[in-house]
Amino acid sequence: MNSSRKRRYKRIQYNLPVGCLGSFEVLEGRTRNISEAGVCLEMDRSLISDLPVSLIFKIPTRPRPFVIPGRMLWIDKDDDSGKCLCGFEYLWLSKDDREALLRFIGVFKDENEETFHMEH
């Protein structure tokens with residue numbers, strides 16, 4: 001893989017319920033993938049892209065949920081499910097939140113890594 005095209009942060013595929021609190025509405029979604037910098041959510045519909053949101057989710061290794069301010073970077077549609085795919089970046093993570101998230105992500109395989117299959 002060309003190093004200039006490599007993602008900056010490790011990204012894992014993991015499915016978690018997420019609440020998205022925007023101005024005047026709350027939407028529910030599920031993570032498609034998670035990284036130290038943001039998440040990809042699968043949702044029935046998207047929030048308005050220019051408004052800040054709070055992402056609320058809980059990982060299994062931590063008793064307290066994350067409440068992370070974020071913003072939507074992109075929206076796409078999954079042709080198979082008909083769901084909206086929304087890419088969110090975190091606007092701020094506390095030191096404790098970042099460490100807890102990195103410990104959790106560290107357990108899983110990075111979906112950015114190429115896999116090699118050996119023939120027998």
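Worth saying up front: this structure is predicted, and the values here are computed from it rather than measured.
Hydrophobic clustering of Ile, Leu, Val, Met, Phe, Trp and Tyr side chains at less than 4.5 Å, counting indirect connections, unites F108 with L101. No continuous path of hydrophobic side-chain contacts links V53 to L21 [ILVMFWY only; heavy atoms under 4.5 Å]. Connection of L55 to I75 is established within a shared hydrophobic cluster, with ILVMFWY side chains joined at heavy-atom distances below 4.5 Å, either directly or through further cluster members. Clustering ILVMFWY residues whenever any of their side-chain heavy atoms sit less than 4.5 angstrom apart, transitively, puts I56 in a cluster other than the one holding I34.
Remark: Y9 OH to D110 CG distance equals 13.5 Å, nearest 0.5 Å. To the nearest 0.5 Å, atom CE of residue M43 and atom SG of residue C20 are 4.0 Å apart. For the atom pair CZ (R45) and SG (C86), the distance works out to 10.5 Å, reported to the nearest 0.5 Å.
Among residue pairs with one or both ends in residues 67-99, none qualify as ring pair (Phe, Tyr, Trp, His ring centres under 6.0 Å); sequence neighbours excluded. Sorted by first and then second residue, the pairs that involve residues 34-43 and meet side-chain hydrogen bond (donor to acceptor under 3.5 Å, both in side chains), not counting sequence neighbours, are R32-E42, E36-R98.
Under the side chain to side chain contact (heavy atoms under 4.5 Å, CB included) criterion, Q13 pairs with E111, sequence neighbours left out. The salt bridge (Lys or Arg N to Asp or Glu O under 4.0 Å) search around R103 returns none, not counting sequence neighbours. Here D96 pairs with S94, E99 under the side chain to side chain contact (heavy atoms under 4.5 Å, CB included) rule; sequence neighbours left out.
A donor-acceptor pair is defined here as one N or O able to donate and one able to accept, closer than 3.5 Å; no such pair exists between the side chain of N33 and the backbone of R11.
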Begin with the C-alpha distance, continue with both residues' side-chain angles, and end with the deciding distance and a verdict on salt bridge (Lys or Arg N to Asp or Glu O under 4.0 Å) for D44 and K83.
-> CA-CA 5 Å; D44 290 330; K83 301 265 187 180; 2.6 Å; yes
L91 and R71: CA distance, side-chain angles, deciding distance, side-chain contact (heavy atoms from CB on, under 4.5 Å) verdict | CA-CA 7 Å; L91 293 177; R71 71 177 175 138; 4.0 Å; yes
Could you please spell out the steps behind the side-chain contact (heavy atoms from CB on, under 4.5 Å) verdict for L85 and L41?
-> CA-CA 6 Å; L85 299 178; L41 298 183; over 6 Å; no
Donor-acceptor pairs are to be reported for all side-chain atoms of residues 57-70 against protein atoms at under 3.5 Å, with residues two or more places apart or in another chain.
unit_1: K58; atom_1: NZ; unit_2: R62; atom_2: O; d: 2.9
unit_1: R62; atom_1: NH1; unit_2: D97; atom_2: OD1; d: 3.0
unit_1: R62; atom_1: NH2; unit_2: D97; atom_2: OD1; d: 2.6

